[in-house]
Every structure is written in structure tokens, then in C-alpha cells.
Number of protein chains: 2
Amino acid sequence: MRFDRVSPVRAYERVVEQIEEAVLCGRLRPGEHLPSERDLMVQFGVGRSTVREALRVLQSNGLVRSRAGDPRGAQVQAVSPGALQKSMTMLARADTLGLAELVQFRMLLEGSANQLAARLRTPEQLAEMDTAMDVMRTAVDEGYAEFSRADVAFHEAVARATGNTLIQICGTVVRDVVLGLIEDKIVNAPDSRALMLTSLEHHSRVLEAVRDGDGELAARLARRSLYDYYAEYVPEDERAMLLPLLD
Amino acid sequence: MRFDRVSPVRAYERVVEQIEEAVLCGRLRPGEHLPSERDLMVQFGVGRSTVREALRVLQSNGLVRSRAGDPRGAQVQAVSPGALQKSMTMLARADTLGLAELVQFRMLLEGSANQLAARLRTPEQLAEMDTAMDVMRTAVDEGYAEFSRADVAFHEAVARATGNTLIQICGTVVRDVVLGLIEDKIVNAPDSRALMLTSLEHHSRVLEAVRDGDGELAARLARRSLYDYYAEYVPEDERAMLLPLLD
DNA sequence: TTGTATTTGTTCGTATGTATC
DNA sequence: GGATACATACGAACAAATACA
């Protein structure tokens, strides 16, 4: 007979578990307030610091928010994807990930996002994309910073049009991480204006495919566009892993 | 002139930020140990409780682990998808993430994963998939639990063949969350054997496409297979968002 | 193997600034 | 503005756990 190693369960963890369970089960609804720390330490039968450590953890996970001096105690927050975005960002920032993997993932995501958007978009969402395109056009003459902001707005509009929170979050995270890795190289590019004009042309063709409801074409164009934009920054020996997404 | 509302930054948050940054930048590598709590309270110029609250938050995010009595202090952990899985599970339980979104994301991921695997797989990786398929075949008569394990092994093999860590991690997390939501319904299905046989047939056709190097076909079959398997558990009014991925 | 020193886990008391009534 | 109750933060104290001689 072999026994498993036991890990001691801290007092604060059991406090976290109980409150977390209450929030997730809906016994504590967003907007409601927890009892005060002193009440909680009586209810849970633990010391003050233990209660506070538990509340800190819950707060960092976005489940509650406490303000100094509030006599009503910590407030239960609406469950938001903030924690998901944070943990995803940590994974993507881990240095074990290469630029090729990140770009490949982004090609995969944005390709499918455009495919979905081509079919599921509402007229309002299409208008948002048109607006973002207009801003991009005027931003060509205002420098890379402006252009990049409009570019981001376009991709966000496409992601929103999918109606899928996971696609939006992963898209945002991967885009931010990729940009963080190579932004300096783009800023210092000798022909940044040419880059912007090419990018504009690519985005325009993707948008037309989305407008026509041609998901397959939108996906292909989006992936190709990302490849053309980022491939030169990907080490040559890793570039091969991007090609299968271009068929 | 209008001013923005300021939110007070707690002492423990600044401690968290500094340690988090050090870990994510690689200045603190996994396996290394932080200074003791008493050292940290001197270095940061805060009280011990504040240090402890910061460590608890870092621990709940999976960045460090501290053991009672360890004179070496808290140990920096390797970046793991645990936090990602936890936050995604929480969102799913709180109904912020619907099953339709999760399945859609999985169709998107696995479709592209198979497309990549069809082109990038090594013969060894193909052999792994064949092995997983063999186990699935024999597991049909051994019950759903065995079958599900082999099924997971197959999808993991495909994800590994892409060579992309993000695809593997996101695939694993989303799959586990989806299975957690509907596993009980599958177990209690009246014709679970028929389900397994159908799934087996689908997997077999996907694998043949991967073997032939036909990425487009592999992607289409994989998405279709997921749809057929999970669509009945997706609320009818949300099922439409899965269809654009089936073209 | 058995201490011994050090650390973490936890509690408690106190001081201070803050939000609500 | 004042009273009250609260969260924030500090630090001392003790128990339990760990590493190391």
C-alpha cells in the first residue's frame, strides 16, 4: 500500500473556498456585501489576519472589492474575465514562448475570428469596422502610434463581432504581447509609411470579404495579412511553422 | 479641467507588483527562493502582515509556493496553466461563458491544430496518434471513462504535433472545462456505446486526413466531429454561432 | 537520530485614516 | 461637524513545521 503525499490546507484557504463557493453558487450576488472582517473572524473562528489574507486573495481574483472604512464590508463583484486575461497574459509573457508560436496563434485566432465575423456580424458592427478603417486611413499621415491604435480598434471590432469572449480575450492578449516584443523594431523601420500603406490595403480587402459574408476568404486574407506583416521578425528557421496556415 | 478619480494603491499591491515583475522578467527563475518574510519586510519597508498578504496573492496566482517552516523562503514556481484553468472554470460556472462559446473556441482551436499537425507532424507523432486510436478502439468495451482518457490522449498528441505550446495549453484547458460542464450528461447517455462508436469513426477519418497531409480536410473534419459530439448539449438558440465554422 | 535555530502559520493588540450616518 | 464603525497597517507573541548540524 502506498500513500499519497498530503498537503496541509491553510486556514485562509478554507475561508477562501467557502466565500468563493457562495459567490459562484449565487448565494452571494454581485453588489451584496460580506460581513465586516470582525464578523467574519467570528463566523469562521479564525484570527483577523487570516480573514484579511483570504479577502486579499478573493480581491486579486476579482470576486470582491473592499474599501478602507466602508462600514458595509467587502462588496461582491460581478464575475468578470479580468482574471482570465491576467493569467493568459502571464502565460503568453513567459519566456518559454517564441515569437513564431505567438504569431502562429494569432494567425489561427484572427483567421477564425474573421471567418465568424463574416457570417455573424450585425450592420452596426460592420459600421464599427468601417469607422476603424477610416481612422486608419487618416492616421497614415499622423505616425505609427496613431495608426497602431486604429489598427487595434479594427481587430477589436472584428473580435467583438464573433460574440465570443474567449476569442476577444485571447486576441487582445496575444496581440499585446506580440506588439510588445517587436514594437521597437516597427517604430524604427526605415519605410514605416510603406508598411502602413500595405497594412491598410490588406485590412481593406479583409473587410470587403467580411462585408460580403465570405468567411473562407476573410480567414485566408487575415492570416496572409498577419504573415506578411510579422514574418520578417520571426527567425527564419521557425518561419516554416507559419506556412501551413496560408493554404 | 476634469480630474479622474484616483483609487488608493494598497501597500501589498506594490509588493505584489514588484515580485510579479521580477518573476515574469526572468530575474527570479523557477526553483529559486524569495528572501524570508522578515527580510522582505525590511527590503520593502512594510510590516510582516503586508508581506504575507502579498505572498498569499502570489501564491493563489501560482507564481510562488511557501511552506511552513522552510528557512529558504517562498519558492518561485514554473509558469503553469493552472490559474488560466481556474479562472475559465469560474467564468463558466458563473454563466459568463456559455457552453456555445467554449465549444466554438474548441472547434476553432482543434480545427487549426489538426490543420497544422497534418503538415508538421513527424512520423513519431503520427505513431502516437495511431496508438491513441488503438486504445480508443479497445476502450469502447471498457466503458466511457477509459474511452475518454484515450480520447484525451489523441487530442493531446495532435496538439503536441503542432509544436505550439499555446495551442496545447488552451486546448487542454478548454477541453477540461467543457468536459466538466457536460460529463455527467454524457455518462448518463442511454446509448453511450453508440456515441463512442460514432466518435471513433470521426477520429479515424480525421487521422487519415492528418496522415495524408491534407490540412484543410483535417480541419474541416475535426470541427465537424466536435460539432456532432457537442451540439446537442448547446442551447438551441446558441447553436447558430457554431455553424459558420462548418463550411 | 536527535536537538537547535530559524521560518512560516496564526492570533492578538494598537494606532491611524476613512466612509457612513 | 461629530460619532461610530470600519479597513489599513504595524508589530509582538506563540505554535507548528522545516532544515541543518
Side-chain angles (χ1 to χ4, degrees), chain A residues 3-20 22-23 28-77, chain B residues 3-20 22-23 28-77:
Chain A
F3 296 102
D4 292 338
R5 183 171 178 79
V6 298
S7 59
V9 179
R10 322 284 203 238
Y12 86 96
E13 285 191 30
R14 283 183 304 215
V15 175
V16 168
E17 282 170 18
Q18 286 198 44
I19 299 180
E20 209 170 58
V23 172
L28 283 171
R29 301 204 156 276
E32 281 188 64
H33 288 265
L34 266 53
S36 74
E37 291 183 358
R38 285 169 184 81
D39 282 350
L40 288 175
M41 74 186 251
V42 174
Q43 287 191 38
F44 288 110
V46 298
R48 185 92 188 282
S49 308
T50 303
V51 168
R52 304 194 88 256
E53 288 170 19
L55 288 178
R56 292 303 193 214
V57 170
L58 292 167
Q59 186 165 20
S60 94
N61 288 352
L63 272 77
V64 305
R65 197 180 59 175
S66 52
R67 295 178 331 170
D70 191 336
R72 294 169 305 186
Q75 188 180 39
V76 177
Q77 299 297 107
Chain B
F3 295 103
D4 292 339
R5 182 171 179 78
V6 297
S7 58
V9 179
R10 322 284 206 249
Y12 86 96
E13 285 191 30
R14 284 183 304 218
V15 175
V16 167
E17 281 169 19
Q18 287 197 44
I19 299 180
E20 209 170 57
V23 171
L28 282 171
R29 301 205 155 275
E32 280 188 65
H33 288 265
L34 267 54
S36 74
E37 292 182 358
R38 283 168 183 80
D39 281 350
L40 287 175
M41 74 185 251
V42 174
Q43 288 192 37
F44 288 110
V46 297
R48 182 149 173 250
S49 314
T50 303
V51 168
R52 294 181 53 70
E53 287 169 19
L55 288 178
R56 295 267 112 111
V57 169
L58 291 167
Q59 186 164 24
S60 95
N61 289 352
L63 272 78
V64 306
R65 197 183 59 172
S66 51
R67 294 175 357 184
D70 192 335
R72 296 169 303 188
Q75 188 180 41
V76 177
Q77 299 297 108

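Chain letters run A, B, ... following the sequence lines, proteins first and then strands; every chain starts at 1. Basis for what follows: all heavy atoms, side chains included, without hydrogens, waters or symmetry-related copies.
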Take atom [atom1] of [X] and atom [atom2] of [N], then tell me their distance rounded to the nearest Å.
X: B/Arg52; N: C/dC12; atom1: CZ; atom2: C1'; result: 14 Å
X: A/Met41; N: C/dT10; atom1: CE; atom2: C1'; result: 11 Å
X: A/Arg14; N: C/dG9; atom1: CZ; atom2: C1'; result: 12 Å
X: B/Glu37; N: C/dT6; atom1: CD; atom2: P; result: 16 Å
X: B/His33; N: C/dT8; atom1: NE2; atom2: P; result: 11 Å
X: B/Asp70; N: C/dT8; atom1: CG; atom2: P; result: 8 Å
X: B/Glu53; N: C/dT8; atom1: CD; atom2: P; result: 16 Å
X: B/Asp39; N: C/dT7; atom1: CG; atom2: C1'; result: 11 Å

Which is more 5' along DNA chain D, the nucleotide nearest B/Arg38 or the one nearest B/Val51? Just name the residue.
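Per heavy-atom nearest nucleotide, the more 5' residue is B/Val51.
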
Distance, nearest 0.5 Å, that separates OG of A/Ser66 from NE2 of A/His33
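One finds 11.5 Å between OG of A/Ser66 and NE2 of A/His33.
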
First locate atom CZ of A/Arg56, then atom CG of A/Asn61, and finally report the distance between them rounded to the nearest 0.5 Å.
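It is 13.5 Å, given to the nearest 0.5 Å.
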
Could you check whether any side-chain N or O of B/Asp70 sits under 3.5 Å from a backbone N or O of B/Arg72, counting only pairs where one atom can act as donor and the other as acceptor?
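Such a contact is found between B/Asp70 side chain and B/Arg72 backbone.
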
Using only side-chain N and O atoms of [X], determine if any of them is under 4.0 Å from OP1 or OP2 of [N].
X: B/Ser36; N: C/dT6; result: no
X: A/Arg10; N: C/dT8; result: no
X: A/Arg72; N: C/dT20; result: yes
X: A/Arg48; N: C/dC12; result: no

Counting only Watson-Crick pairs (N1-N3 plus N6-O4 or O6-N4) and G-U wobbles (N1-O2, O6-N3), all under 3.5 Å, who is the partner of C/dT1?
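Pairing partner: none.
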
Assign [X] to base, sugar-phosphate, or nothing according to its heavy-atom contacts below 4.0 angstrom with the strands shown.
X: A/Ser49; result: base
X: A/Arg65; result: nothing
X: A/Gly69; result: base

Is the base of D/dC10 touched by the side chain of B/Thr50 through a donor-acceptor pair closer than 3.5 angstrom?
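Absent.
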
Picking from D/dT8, C/dT11, C/dT10, the nucleotide nearest the side-chain atoms of B/Arg56 would be C/dT10

A/Glu53 vs A/Arg10, side chain to side chain contact (heavy atoms under 4.5 Å, CB included): CA-CA, chis, key distance, verdict:
CA-CA 11 Å; A/Glu53 288 170 19; A/Arg10 322 284 203 238; over 6 Å; no

Worked check of side chain to side chain contact (heavy atoms under 4.5 Å, CB included) between B/Gln59 and B/Arg65:
CA-CA 6 Å; B/Gln59 186 164 24; B/Arg65 197 183 59 172; 4.0 Å; yes

Pick the closest DNA chain C nucleotide for A/Ala68 and for B/Leu55 by heavy atoms, then say which residue is nearer the 5' end.
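So the residue in question is B/Leu55.
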
